[in-house]
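Structure record follows, encoded as structure tokens.
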Amino acid sequence: NVPIITVKEDFQKVNILLCILFWLAAGQLPCVCTSVGEDYDELLPPPSITTDIFTSVFILDNVALTHLTFRKEFTEAMKAKQVAQQFGEEKIEKQHKAAIISAEDDARTAYLLTNSLATTGDGLIELRKLQATEDMAYHLPYSWNITHLPAGPVSDPPASP
């Protein structure tokens, strides 16, 4: 396992743990054993020089990313963002359900009104008109800026002498 600490372009520190499976390139064993020793497999070079030196001496068989962590603040911010997003989606879903229930109630009300008008006639509508007229007649005398016009045709004013 090779630990790597890197910094992204947004200055976010990332900890990575790689598992590298490798073997020596043909003909490199004598050179590596004399310069590094027989325990060369335990003395991996630092990750910063693996691209040139390491790949010229060793042949990479497999590289696996075994662990990846970010700074605590970044992880907490991402969790908070996820919770906020989930809350927003739940809120939208609840609003959608409420709209469906409201539309179903409106449809049911319209059905019941239509059904009752078909069976009983316009009596309920006439009753509501009378109640509204009575309510207006009660409130008009107490309202400001109301002009009462007499009923009937409007006649021309008398000519002045």
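Computation of the quantities below employed the complete heavy-atom set of this structure, encompassing side-chain atoms and omitting hydrogens, waters and symmetry-equivalent molecules. Numbering of residues begins at 1 and proceeds along the displayed sequence.
Around CD of E134, the count of heavy atoms belonging to other residues, nucleotides or ligands within 6.0 Å does not exceed 12. At most 12 heavy atoms of other shown residues, nucleotides or ligands fall within 6.0 angstrom of atom CD in Q82.
Atom CD1 of I16 is separated from atom CG of L65 by 6.0 Å, given to the nearest 0.5 angstrom. How far CZ of R108 is from CG of N115: 9.0 Å, rounded to the nearest 0.5 Å. Note that CD1 of I101 and NE2 of H96 are 10.5 Å apart. Values are rounded to the nearest 0.5 Å.
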Step-by-step side chain to side chain contact (heavy atoms under 4.5 Å, CB included) determination, V14 to L68:
CA-CA 7 Å; V14 180; L68 176 72; 3.2 Å; yes

Open item on the list: Does E89 form a side chain to side chain contact (heavy atoms under 4.5 Å, CB included) with E93? I'd like the steps, not just the answer.
Closed with: CA-CA 6 Å; E89 290 171 358; E93 185 178 337; over 6 Å; no

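In this structure, the side chain of T75 engages the main chain of R71 through a donor-acceptor pair within 3.5 Å.
Using a 4.0 Å cut-off between charged nitrogen and carboxylate oxygen, E76 and K79 do not count as a salt-bridge pair.
Residues S116 and L113 come closest through the heavy atom pair OG-O, 3.0 Å.
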